[in-house]
Every structure is written in C-alpha cells, then in structure tokens.
Amino acid sequence: MLKVENLSLHYDGSQILYDISFEANLGEVTCVMGTNGVGKTSLLKAISGTHARSGGTIELDGHTIGQDPAHKLAKLGVGYVPQGRDVFPLLTVKENLESGFACLPASEHVIPDHIFELFPVLNEMLQRRGGDLSGGQQQQLAIARALITKPKLLLLDEPTEGIQPNIIQQIGRVIAYLRDRGDMAIILVEQYFEFAYEHADQFVIMRRGQVTNAGTKADMPKDTVLKSVSV
C-alpha cells in the first residue's frame, strides 16, 4: 500500500530525516520506534503531507504522489491521527466526526454504525463539545474522525500517550480489528513498548533521523527490538 524511498526532510535549513526507506502493507501494522527526537513524528508529517519533504519518493497504492498538501492526500486515502489529537474544541463530537466528510462524496456523508460500535462513548456524547472530553475520549474521537474518511493508510502518532489503561486496551482492540479487516495499512508511532510490540507486524527502528534496523516480528525477537530502541 505504501512505499517510501530515500525520503528526506528539513526544518528551517536543518536536516531532520535522512534517506528513509520502508514499505507498509495492507493488513499489517508497521510500527515506527525510537527514542524521543529521532524524527518519528516528522516522518508521519511528511507522509501525510503536513510538512513538505525535501527529497525522495512516496508511492500510495501503486501511484507516486507528489508534494500534495494534507487535504489532497486525505482524499487519496491517507488518514492521519496526530500527536495531541487536534480535535476541534468548540465543535461537538458529531461535528468533529462530520468534518471527515470533506474527503468523501456527498452520497457518503453519513457516520457509519461501526464507528459507534468501535467507540460507544462517542455515541453517548454526540452533543458534547470536543474540548470538554477527557484525553482518552478525545483520542477515540480523533481516531474515529480519521476512520470516517475511509483511509487506505492510517497513520497513528502516539495513540496511547497520556491515556488511561482501559482506553489503551480499547485502542489496541480497534487497531487489531482494523488490521484483521485487511483493507488498510497502519503505521503506528508508539513509545509504549509493550503495546507496540504486541500489535506490530513489522518494525522500523529510527535513530538520529535514519532507519537503523527494520524487519518483521518473526525476524526481530522482543529483546532485539528493545535493545534497538534503548538509549
């Protein structure tokens, strides 16, 4: 579904990413791991079109994508749940979900039932403002909003950060369900090691803006991955 080759990225003249290459497949979770500051979030921003890459190519579903901005990539099937969630605080839960309609034709402007099956609390809080939700509820809303766009590629940046354990378990079940459905590729950036290792099918290990190790779960035992991401 996704093929990244020699991707580089700069911020104000400073190079952040160096020749990043990897693939993410349908029906799999590709977990990008590394310590803070190695460029994981920058990588997701480059893939999602939130920040223009400096070089390299990205193929989505067999088609090379140029320097398209995020809203165009969203229409091509890239769903992005950023670190910090970025829900609209003054809009209701329903209105936040409906903001995903911008990627869809008018005939598909309906919130699917499975959204509320995955996240029942959102159905109970449709008229609550996004800013009044707890952190865990906002995270559920952010993921649900991305799913409204019917993504082929789902990018999740630190979905467990600051979330209570029961919500972490629920998010894990949602990730497993989406993976097993087989119609999307998932890229997960995650610092919570046990959660990441449990749900990953393959790993991309980063250090100082570069990929230092990559492989499938079968090729990378737990202790190998842990050693790779340790300071």
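Heavy-atom basis, side chains included; hydrogens, waters and symmetry copies ignored.
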Visitor: Heavy atoms only: give me the nearest R85-I163 pair and the separation to one decimal.
Guide: NH2-CD1, 3.2 Å
Visitor: What are the two closest heavy atoms between G34 and V229, and how far apart are they?
Guide: N-CG1, 4.0 Å
Visitor: Applying salt bridge (Lys or Arg N to Asp or Glu O under 4.0 Å), can you list everything that pairs with K94, at least two apart in sequence or on another chain?
Guide: E98
Visitor: Run through T224, V225, D219 and flag the one making a side chain to side chain contact (heavy atoms under 4.5 Å, CB included) with P221.
Guide: T224
Visitor: Which one of I47, I20, L7, I16 satisfies the side chain to side chain contact (heavy atoms under 4.5 Å, CB included) criterion with S42?
Guide: I16
Visitor: Can you confirm whether the side chains of T30 and Q202 place a donor and an acceptor under 3.5 Å from each other?
Guide: yes
Visitor: Quick one, M33 with Y197, criterion side-chain contact (heavy atoms from CB on, under 4.5 Å). Give me CA distance, side-chain angles, the key distance, then yes/no.
Guide: CA-CA 10 Å; M33 300 183 71; Y197 194 83; over 6 Å; no
Visitor: State, to 0.1 Å, how close G79 and P151 come at their nearest heavy-atom pair, and which atoms those are.
Guide: N-CB, 3.7 Å
Visitor: Looking only at side chains, do T160 and E190 share a donor and an acceptor under 3.5 Å apart?
Guide: yes
Visitor: Are E194 and K222 ion-paired here, with the side-chain N under 4.0 Å from a carboxylate O?
Guide: yes
Visitor: What residues, two or more places apart in sequence or in another chain, satisfy side-chain contact (heavy atoms from CB on, under 4.5 Å) together with P69?
Guide: H71, K72
Visitor: Given the rule in the side-chain contact (heavy atoms from CB on, under 4.5 Å) test, do I187 and L2 qualify, once you have shown the distances and angles that lead to the verdict?
Guide: CA-CA 10 Å; I187 298 180; L2 178 77; 3.4 Å; yes
Visitor: Check side-chain contact (heavy atoms from CB on, under 4.5 Å) between Q210 and all other residues, then give those that pass, not counting sequence neighbours.
Guide: Y18
